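Only heavy atoms go into these numbers, but all of them, side chains included; no hydrogens, no water, no symmetry mates. Naming convention: chains lettered A, B, ... in sequence-line order (proteins, then strands); numbering from 1 in each chain. Please read all numbers here as calculations on a predicted model, not as lab measurements.
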Amino acid sequence: MSRHLHLLALCMLAGLAACKRPLTAGAESEGGLHTAATDEASVSVAPEPAPATEAALAPTASAPSGPTTLPVTIEERKRVVAALLSGGYRTSALPESATDVGRPFDRGLRKRLTEVDVTPARADVQVATATPTVPIADVDRVLASLRARFRQCVRKEQVDALDAPRSANGSLAITFVVDEKGEVTSASTSGNTGVPDATVHCVVTTLRRAVFTAPKSASTVTVRLRFSGEQ
Amino acid sequence: MKPLLSSASFGIVAATVLALPIVSPSDANACGGFFRRRVTQTIPSLEVEQVLIVHDPVTEEEQFIRELVFRDAKDPFGFVVPTPSQPTVAKVERSPFAALAQRFPPEPPEPPATGGPAPKGGMSRGAGGGAAATVTVLSQERIGSFTAFVLAATDAGALKKWLDENELATTPESDAWLEHYVKLGFYFAAFRYEATAPKAGPSSRAETVRLTFKTPLPYYPYREPKHAKEPAKHDRVLSVWLASPVRSTPVAAVEEVGVTRWKRPWRESNTHAPTTSGTVGAIVGAGNMGALGQPASSTGDAREAPLSVQTFQDQKTSRRGWGDVVLVPERPYTSDDARLARMNKLMATLDFAIGDVR
């Protein structure tokens with residue numbers, strides 16, 4: 001790249017606005033590239049952050065020497081920008097500005113905003129009234145308390161089961177056995193209408209960890225779950 | 001009833017993920033240009049934005065997949081996305097972002113413990129009269145909860161009129177924003193949200209749309225309308241995944257105190273190990289990968305082509321002064337005259353002076 005374009009590139013990396021008119025490049029100092037407009041008083045191109053802009057030019061441009069008049073035309077500006085777009089500069093050295101001034105980067109922000117706001121509206125599970133063969137005092141209450149975890153199963157499937165059906169809508173019946181301790185000893189599903197396998201597995205696993213009020217004897221419970229959700 | 005158009009991340013109406021809190025009209029406009037129907041109503045603002053860019057440098061085709069999240073959208077609103085070439089618009093049935101975030105986390109690595117302080121840092125509805133002469137509706141279709149129009153315009157005033165007539169009300173700020181892109185010969189994808197039955201209480205909803213368009217380098221419409229008043233500071237986050245065989249750096253021009261500089265507007269969150277188009281396609285859906293998701297020939301499988309996935313985050317609450325983002329290759333990339341000519345519009349996004357004279 002010619003010294004002419006090199007200076008122009010430096011100018012644009014440091015401050016595009018000052019390049020809008022013909023420039024006369026003066027000596028470069030530690031403070032950056034000094035320019036003078038032909039029709040105005042001298043203009044010092046804002047050098048900050050000079051180290052970054054100098055570094056950005058390093059791979060492809062040699063250091064300029066001596067003052068040069070820079071008649072800045074649109075075609076010349078395009079050549080400099082074209083060099084940028086063609087990977088001619090070390091753009092990783094350009095200054096970064098990904099937050100408001102003075103505000104530190106918040107690593108947890110995305111998760112807080114996305115996971116709180118979106119999930120509840122995109123998945124729901126309705127739990128029908130359970131029918132135990134032996135009465136269990138809190139069967140419906142415990143199943144209702146599992147709804148949130150069932151919803152998480154739908155969301156988890158949306159994340160994990162990449163080849164699963166796109167719709168989370170469907171229903172299934174779960175039959176499980178609660179022993180005399182109130183613990184679930186077995187569970188199976190039937191009548192599945194469109195619920196992805198990954199969701200079924202998650203729901204069954206969740207249910208098997210539930211604890212109910214102990215029935216007088218082992219009780220077989222059947223309950224139907226209806227899933228709805230959007231991805 | 002007069003609807004309102006909002007623009008989300010792209011100047012006038014641009015959008016992306018939008019969002020949420022109930023805000024005053026000035027706040028909403030400041031978020032990028034949502035458009036609404038009644039001035040007195042609240043409108044969604046942009047709070048969370050997730051975008052996947054899949055770019056194929058061979059076909060020069062970009063898949064721009066954006067998830068819109070909006071809350072309290074009881075009334076119609078809309079947004080406009082400018083693109084350097086004519087886009088096609090499609091609904092993405094399955095949002096890829098949760099899976100992407102899991103496989104390619106966009107969070108940056110923990111900073112090293114230094115003990116010091118944290119760094120600071122023609123089918124147009126209602127179109128008629130003069131507008132018809134200079135605004136062309138290239139397509140119109142229902143995309144989820146939105147009606148999507150693909151527009152070409154040669155006159156900003158006519159485009160404003162068309163938007164107004166089609167229930168996407170503009171503002172003086174959005175007019176200037178529109179004019180910028182009309183001068184550059186950009187196309188527009190205008191999305192009008194068709195509200196369903198209002199629900200009681202706040203609700204949020206997400207939809208994912210895909211725009212496919214030609215561009216020699218990955219492009220992100222980042223510019224927003226200049227508003228007279230700075231918006232209230234709401235948390236806001238943009239997450240971008242770039243999948244391409246070519247590693248790139250996001251670069252944008254920004255005007256600060258009368259000087260325009262090139263800067264990196266986003267923080268690269270992680271350096272993920274090289275992967276393949278097949279792996280990424282399994283996560284986001286091969287249909288969202290463009291040519292990178294299709295077998296190249298009977299003897300080759302493009303799905304296994306080497307691919308880089310880069311993740312970026314932007315937490316600025318305002319994009320005032322910023323131009324659009326071009327993802328520039330990290331290494332020199334051969335550009336012949338024809339390719340340079342195709343980059344003309346992108347050049348103008350990185351040098352406002354070039355854009356001013358076009």
Side-chain angles (χ1 to χ4, degrees), chain A residues 12-20 45-46 48-49 53 56 59-60 72 74 77-78 80-82 84-92 94-115 117-118 120-122 155 158-160 162-163 166-167 230-231, chain B residues 20 47-48 50 69 71 93-95 98-99 102 106-108 118-121 203-206 217 233 235 237 239 249 251 253-255 258-267 282-283 313-318 326 328-335 340 343 346-347 350-354 357:
Chain A
M12 299 179 75
L13 285 164
L16 290 170
C19 304
K20 286 186 175 179
V45 177
E48 190 179 16
T53 53
T60 56
V72 179
I74 292 302
R77 300 180 73 98
K78 284 185 176 180
V80 171
V81 182
L84 171 75
L85 295 179
S86 299
Y89 301 133
R90 193 192 308 159
T91 48
S92 59
L94 287 173
E96 176 197 279
S97 179
T99 63
D100 292 338
V101 175
R103 188 174 183 179
F105 195 88
D106 182 348
R107 296 186 74 255
L109 180 62
R110 183 192 65 86
K111 287 186 177 178
R112 287 203 306 277
L113 294 183
T114 57
E115 295 182 0
D117 287 329
V118 178
R122 301 167 80 186
R155 285 289 298 146
Q158 290 172 341
V159 172
D160 294 344
L162 303 175
D163 297 324
R166 293 177 175 177
S167 170
E230 294 181 29
Q231 300 177 36
Chain B
L20 334 179
E47 183 177 88
V48 182
Q50 300 191 99
V69 179
R71 176 183 291 167
E93 297 293 340
R94 179 189 182 86
S95 170
Q102 185 179 62
E107 275 63 48
K120 293 183 178 179
S203 63
S204 60
R205 182 174 174 82
L217 294 175
K233 299 292 185 184
D235 280 340
V237 62
S239 301
T249 302
V251 177
V254 57
E255 291 179 311
V259 176
T260 305
R261 294 183 172 89
W262 285 330
K263 285 190 172 183
R264 290 178 294 135
W266 308 331
R267 173 168 297 186
I283 295 173
Q313 266 199 36
D314 176 23
Q315 298 185 353
K316 288 189 291 294
T317 56
S318 170
V326 179
V328 175
E330 291 182 351
R331 297 172 181 274
Y333 196 92
T334 302
S335 295
L340 287 174
M343 291 200 296
L346 299 183
M347 291 181 190
L350 290 178
D351 185 341
F352 301 153
I354 294 175
V357 301

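- Heavy atoms of Leu217(B) lying under 4.5 Å from chain A belong exclusively to its side chain.
- In terms of modelled atom types and a separation under 3.5 Å, the side chain of Gln315(B) and the main chain of Asp100(A) share no donor-acceptor contact.
- Ion pair Arg110(A)/Asp314(B) not flagged as a salt bridge, since none of the NZ, NE, NH1 or NH2 atoms sits closer than 4.0 Å to an Asp/Glu carboxylate oxygen.
- With chain A as partner, the option from Val251(B), Val326(B), Thr249(B) having the largest number of non-hydrogen pairs under 4.5 angstrom is Thr249(B).
- Across all their heavy atoms, Ser97(A) and Lys263(B) have their closest contact at CB-CD, 4.1 Å.
- Contact of Arg267(B) with chain A is made through backbone and side chain together, with heavy-atom distances under 4.5 Å.
- Between the CG atom of Leu84(A) and the CG atom of Leu346(B) there is a distance of 11.0 Å, given to the nearest 0.5 Å.
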